[in-house]
Amino acid sequence: MNIKSSLIILFFFLITGHAFAIDPVYEGSNGIRERVFATHCLACHSSELTGPDRNGAPPEINFDTYEATEPNAERAMVRAVEEMSMPPAGSGIPQLNDEQKSAMLAWQSAGFPQSLTATTSVAPSSSFDGTRLRIPVVIVGTQRFNAVLRLTLLESSPTGFGFVLESAVLTTERSRAPATASIQTGRVFVPSVTVIRNGVNTGTVDIRLTLVPGTRPMLFSLDSRLVVPANASYSFNSGVLNLPVVIVGNQRFRANLRRIPLEGSPTRIGFVLQSAVLTTATSDNAATFNTSTRRLVLPYVEMIRNDTVESVVRAEMQLVGTNPTVFSLIRFATIPRAQ
């Protein structure tokens with residue numbers, strides 16, 4: 001069985017409504033030990049067994065503790081998943097089913113972690129480099145995947161483009177802005193995607209995809225434009241404020257901030273800084289930060305929902321925290337647009 005293909009099939013099962021209940025970790029009632037090793041291996045590969053009770057199993061190969069399992073995990077992958085030579089024929093123990101093999105592959109991809117708590121970390125944001133869309137965390141039902149998709153032409157798409165799924169691996173990572181995939185509709189929403197051109201961060205966009213039914217490999221229609229807004233913009237869908245140019249003294253930055261509830265703010269709204277990089281870009285509507293007053297002024301912000309600019313506002317924020325960097329939204333006012 002090809003490992004890459006099996007992981008993509010696993011992703012397909014989940015996005016089309018199939019269940020998956022084995023966690024890609026050793027410990028836990030739904031972990032690899034209880035759902036795979038206990039049912040298929042420990043009758044022979046247990047440190048509590050000796051002599052003929054091991055049925056020929058080497059005395060140094062055991063799977064009843066994580067300490068014993070970890071050095072032999074790759075061996076278990078080869079014998080039980082790839083070669084399918086374990087459990088041996090004639091033992092009376094069935095070989096692993098598809099769910100168990102997929103869970104073992106996911107466990108291997110995660111680095112054979114012992115527990116969910118020990119391995120949970122915060123993933124970087126999604127990114128698009130002109131060819132590939134990399135999504136560190138996409139939530140499908142109750143599972144989380146790290147997925148990579150490749151841009152392709154697609155005539156039936158409203159944008160003329162689509163994405164082909166190249167890989168999908170179960171992950172234990174968390175994300176502040178995870179992508180979400182709907183099992184019912186096949187729609188995928190990827191918020192705050194960093195667009196990279198020639199190695200340079202040019203800003204963020206929200207991306208919407210829809211699964212094309214019956215496609216293998218899985219093909220998604222690109223339903224939203226891959227264009228970074230030229231002006232400052234706030235996405236209602238992702239809660240991210242994108243500032244293409246922020247002037248601080250004699251420096252210019254590109255920055256992204258995420259909306260948060262903030263007690264004590266006049267509007268009860270705050271924003272926490274997610275990223276800030278130097279830029280050579282210029283803008284007639286650049287935001288400015290006064291280091292003396294700690295005031296951030298945004299003269300022109302497009303308020304975007306589902307790729308549509310609903311309104312334009314002028315806003316002011318006050319820096320209220322530096323670890324992390326948090327701004328209080330002091331005031332905002334709608335700017336009338338020309339008819």
Side-chain angles (χ1 to χ4, degrees), residues 1-120 140-147 165-173 216-218:
M1 177 178 56
N2 180 277
I3 291 178
K4 177 180 175 182
S5 297
S6 70
L7 289 172
I8 292 178
I9 290 171
L10 173 61
F11 185 86
F12 177 81
F13 281 176
L14 282 166
I15 204 170
T16 52
H18 290 71
F20 182 76
I22 303 177
D23 295 327
V25 295
Y26 180 81
E27 295 179 346
S29 59
N30 282 326
I32 296 295
R33 186 194 189 282
E34 294 301 314
R35 300 295 299 277
V36 178
F37 291 133
T39 55
H40 289 70
C41 307
L42 297 190
C44 305
H45 293 278
S46 171
S47 58
E48 297 181 356
L49 301 175
T50 60
D53 290 340
R54 295 183 64 84
N55 299 308
E60 71 278 7
I61 308 297
N62 295 300
F63 301 111
D64 55 330
T65 68
Y66 181 74
E67 290 72 21
T69 300
E70 198 273 336
N72 300 300
E74 286 288 356
R75 176 190 176 100
M77 288 295 307
V78 173
R79 301 294 297 277
V81 178
E82 296 180 28
E83 296 178 353
M84 298 178 66
S85 58
M86 282 290 174
S91 67
I93 302 174
Q95 293 183 336
L96 304 191
N97 60 33
D98 288 342
E99 182 182 48
Q100 291 169 318
K101 285 185 285 188
S102 295
M104 289 287 284
L105 288 165
W107 188 43
Q108 180 189 45
S109 297
F112 300 114
Q114 182 174 2
S115 65
L116 284 171
T117 302
T119 59
T120 298
V140 186
T142 61
Q143 302 294 329
R144 298 190 303 276
F145 285 84
N146 181 313
L165 181 67
E166 287 193 332
S167 66
V169 180
L170 278 168
T171 180
T172 59
E173 287 192 311
R216 300 285 291 274
M218 296 174 70

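Index from 1, following the sequence. Here the structure is a predicted model, which means the values were calculated and not measured.
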Legend entry - With Ala43 via side-chain contact (heavy atoms from CB on, under 4.5 Å) - residues at least two apart: Ile93

Inset, instruction - Search all heavy atoms of Ala80 against all heavy atoms of Leu96 and return the closest pair with its distance. - result: CB-CD1, 4.0 Å

Inset, instruction - Mind checking side chain to side chain donor-acceptor pair (under 3.5 Å) for Asn62 and listing every partner two or more places apart, or none if nothing turns up? - result: Arg54

Inset, instruction - Over all heavy atoms of both residues, which pair between Arg75 and Pro58 is shortest? Give the atoms and the distance, please. - result: NH2-CG, 4.5 Å

Legend entry - With Pro88 via side-chain contact (heavy atoms from CB on, under 4.5 Å) - residues at least two apart: Met86, Ser91

Legend entry - Pairwise side-chain contact, Val25 with Pro113, heavy-atom cut-off 4.5 Å (strictly under): yes

Inset, instruction - Give the minimum heavy-atom separation between Thr171 and Asn146, together with the two atoms involved. - result: CG2-N, 3.8 Å

Legend entry - Phe145 vs Val169 side-chain heavy atoms within contact, under 4.5 Å: no

Inset, instruction - Would you list the pairs meeting ring pair (Phe, Tyr, Trp, His ring centres under 6.0 Å) in which at least one residue belongs to residues 73-101, sequence neighbours left out? - result: none

Inset, instruction - Quick one: closest heavy-atom pair of Met104 and Val81, and the distance? - result: CB-CG2, 3.8 Å

Inset, instruction - Not counting sequence neighbours, which residues clear side-chain contact (heavy atoms from CB on, under 4.5 Å) with Asn97? List them please. - result: Glu99, Gln100

Inset, instruction - Sequence neighbours left out, what passes side chain to side chain donor-acceptor pair (under 3.5 Å) with Thr39? Give chain and number order. - result: none

Legend entry - Heavy-atom closest contact (Ser47 atom, Asp64 atom, distance): OG-OD2, 2.5 Å

Legend entry - Residues forming a salt bridge (charged side-chain N to carboxylate O under 4.0 Å, His left out) with Glu83, sequence neighbours excluded: Arg79

Legend entry - Donor-acceptor pair, side chain of Arg33 and main chain of Gly28, under 3.5 angstrom: no

Legend entry - Contact summary for Asn72 and Glu60, nearest pair of heavy atoms: ND2-O, 3.7 Å

Legend entry - Where at least one partner belongs to residues 49-69, residue pairs that pass ring pair (Phe, Tyr, Trp, His ring centres under 6.0 Å), sequence neighbours excluded: Tyr26-Tyr66, Phe37-Phe63, His45-Phe63

Inset, instruction - Rounded to the nearest 0.5 Å, what's the gap from CE on Met77 to NZ on Lys101? Could you check? - result: 11.0 Å

Legend entry - Residues forming a side chain to side chain donor-acceptor pair (under 3.5 Å) with Glu70, sequence neighbours excluded: none

